[in-house]
Amino acid sequence: MAEKTITLIPGDGIGPEIVAEAVRVLDAVADKYGHKFSYKKILMGGCSIDAYGVPLTDEAIATAKSSDAVLLGAVGGKVGNSRWYDVAPNLRPEAGLLKIRKSLGLFANVRPAYLYPELADACPLKQSHSGDSFDLVIMRELTGGLYFGERHTEVVNGLRTATDTLVYNEEEIRRIAVRAFEVAERRRKKVTSVDKANVLDSSRLWRAVVHEVAKDYPDVEEEDMLVDNCAMQLVHDPGQFDVILTENMFGDILSDEASMITGSIGMLPSASLCASKLGLYEPSHGSAPDIAGLGVANPLATILSAAMLLRYSFDMDAEADDVEEAVKKVLKDGIRTPDICREGDKKVSTSGMGDAVIAAL
Ligand code: NAD
């Protein structure tokens, strides 16, 4: 029996619809296991701009910080076709995302890529490469590297010249490596650390620190892989991977590649972790303004994000397994929202999918 507080950020577009289903699933888990979850809702994104003129208020951040975990739907409207975008970039809906990630010190992004055998048709790989299923997570460093280094453009010898810098210190590498080994310990116990150590100094430091951390986890196998090879291996034989650990830009690219090979964006959860147990959990897709309010959005990525929340913020592995198994059962039973529905399947609405997962729990 545990008592936990969860900050909910429904956000914009389909966000409120999918978060509502995840909350129903969390409540069903609480009922089944005798836990008590209470919720605090905050505004972020376009809805916060409408209410307060900014995408995220300091009060909302304080609420998130004071809770045990944060569950987010998605933010943003139709880009280029919404009043929310006629303003400076730091006042647009997505600026709320950057602000909350920074305020909570979220340095590790965890994105699972899991191929459900029932959705294998949607996988763009030949079956000889994908196998019947694969199950990997990409652990991406979120707050350092090329995206945060010093940059400038100047004229050098009459030529416009741009410079970006890629900086990592050993502490930034160590803290995410520790997280990656912890995640691997709860999975199939293998970490593939991805770098470009044949060229980059930052990668050579990355590799050295990962090797130091690996010594503390003798039961986890560690291997190093160059990023160009990893990009190829992901489409050649994704089944070889368990946890892929990598820096910010490599992770940005590889995690999108990994999402693509699962074939269905509506199924992919994610977690962003910090040094404490507090984490932010959200689907990998956006706010899908094209289908908002129609009751057709697929809530499974958000429900699976709630499962990650149970696992990583609350250490409730059995409860998380239960939710993931319920999702697998629902898919096995042919229950589908329109985005993943094929002939012969049973088509359900957003709340119909929530009902089905709860029934399977
Ligand atoms: P998107 O992921 O919202 O939508 C892409 C396509 O996938 C659309 O056709 C949409 O209908 C479909 N789709 C997405 N999620 C779905 C679901 N759960 N069920 C069924 N179909 C789904 O990407 P986009 O159209 O590029 O962006 C829309 C808005 O979302 C933009 O404002 C963008 O900035 C924002 N966005 C927010 C986040 C976030 O909050 N983390 C992430 C990405 C994009």
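When reading the values below, keep in mind they use all heavy atoms of this one structure, side chains included, and skip hydrogens, waters and symmetry mates. Remember, it's 1-based here, ligands and their atoms both numbered in the order they're listed. Counting begins at 1 with the first residue of the sequence.
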Decide whether an N or O pair under 3.5 Å exists between Leu97 and ligand 1.
no

Do Asp68 and Ile6 make a side-chain contact, defined as non-hydrogen atoms from C-beta onward lying under 4.5 Å apart?
no

Please work out whether any backbone atom (N, CA, C, O) or any side-chain heavy atom from C-beta onward of Pro93 is under 4.0 Å from ligand 1, and answer side chain, backbone, both or neither.
neither

Atom 39 (C) of ligand 1 touched by protein (heavy atom, under 4.0 Å):
yes

Side chain, backbone, both or neither: the part of Ile18 lying under 4.0 Å from ligand 1 by heavy atom
neither

Decide whether a cation-pi geometry holds between Lys4 and Phe37; the criteria are a distance under 6.0 Å from NZ or CZ to the six-membered ring centre and an angle within 45° of the ring axis.
no

Part of Glu282 with heavy atoms under 4.0 Å of ligand 1, whether side chain, backbone, both or neither
side chain

Mode of Tyr85 contact toward ligand 1 - side chain, backbone, both, neither (heavy atoms, under 4.0 Å):
side chain

Where's the contact between Asn298 and ligand 1, heavy-atom distance under 4.0 Å: side chain, backbone, both or neither?
both

Closer than 4.0 Å to some heavy atom of Ile14 - which atoms of ligand 1 meet that?
17 (C), 18 (N)

Assess whether side chain to side chain donor-acceptor pair (under 3.5 Å) is satisfied between Asn229 and Gln233, documenting all intermediate values.
CA-CA 6 Å; Asn229 186 25; Gln233 293 301 324; 3.2 Å; yes

Could you tell me, atom by atom, which parts of ligand 1 come under 4.0 Å of a heavy atom of Gly286?
1 (P), 2 (O), 3 (O), 30 (O), 36 (N), 37 (C), 38 (C), 42 (C), 43 (C), 44 (C)

Using the ring of Phe107 (Phe, Tyr or Trp, six-membered ring only), decide whether Arg175 places NZ or CZ under 6.0 Å from its centre and within 45 degrees of its axis.
yes

Any protein heavy-atom neighbour for atom 26 (O) of ligand 1 (distance below 4.0 angstrom)?
no

Side chain, backbone, both or neither: which part of Val75 comes within less than 4.0 Å of ligand 1 when only heavy atoms are counted?
both

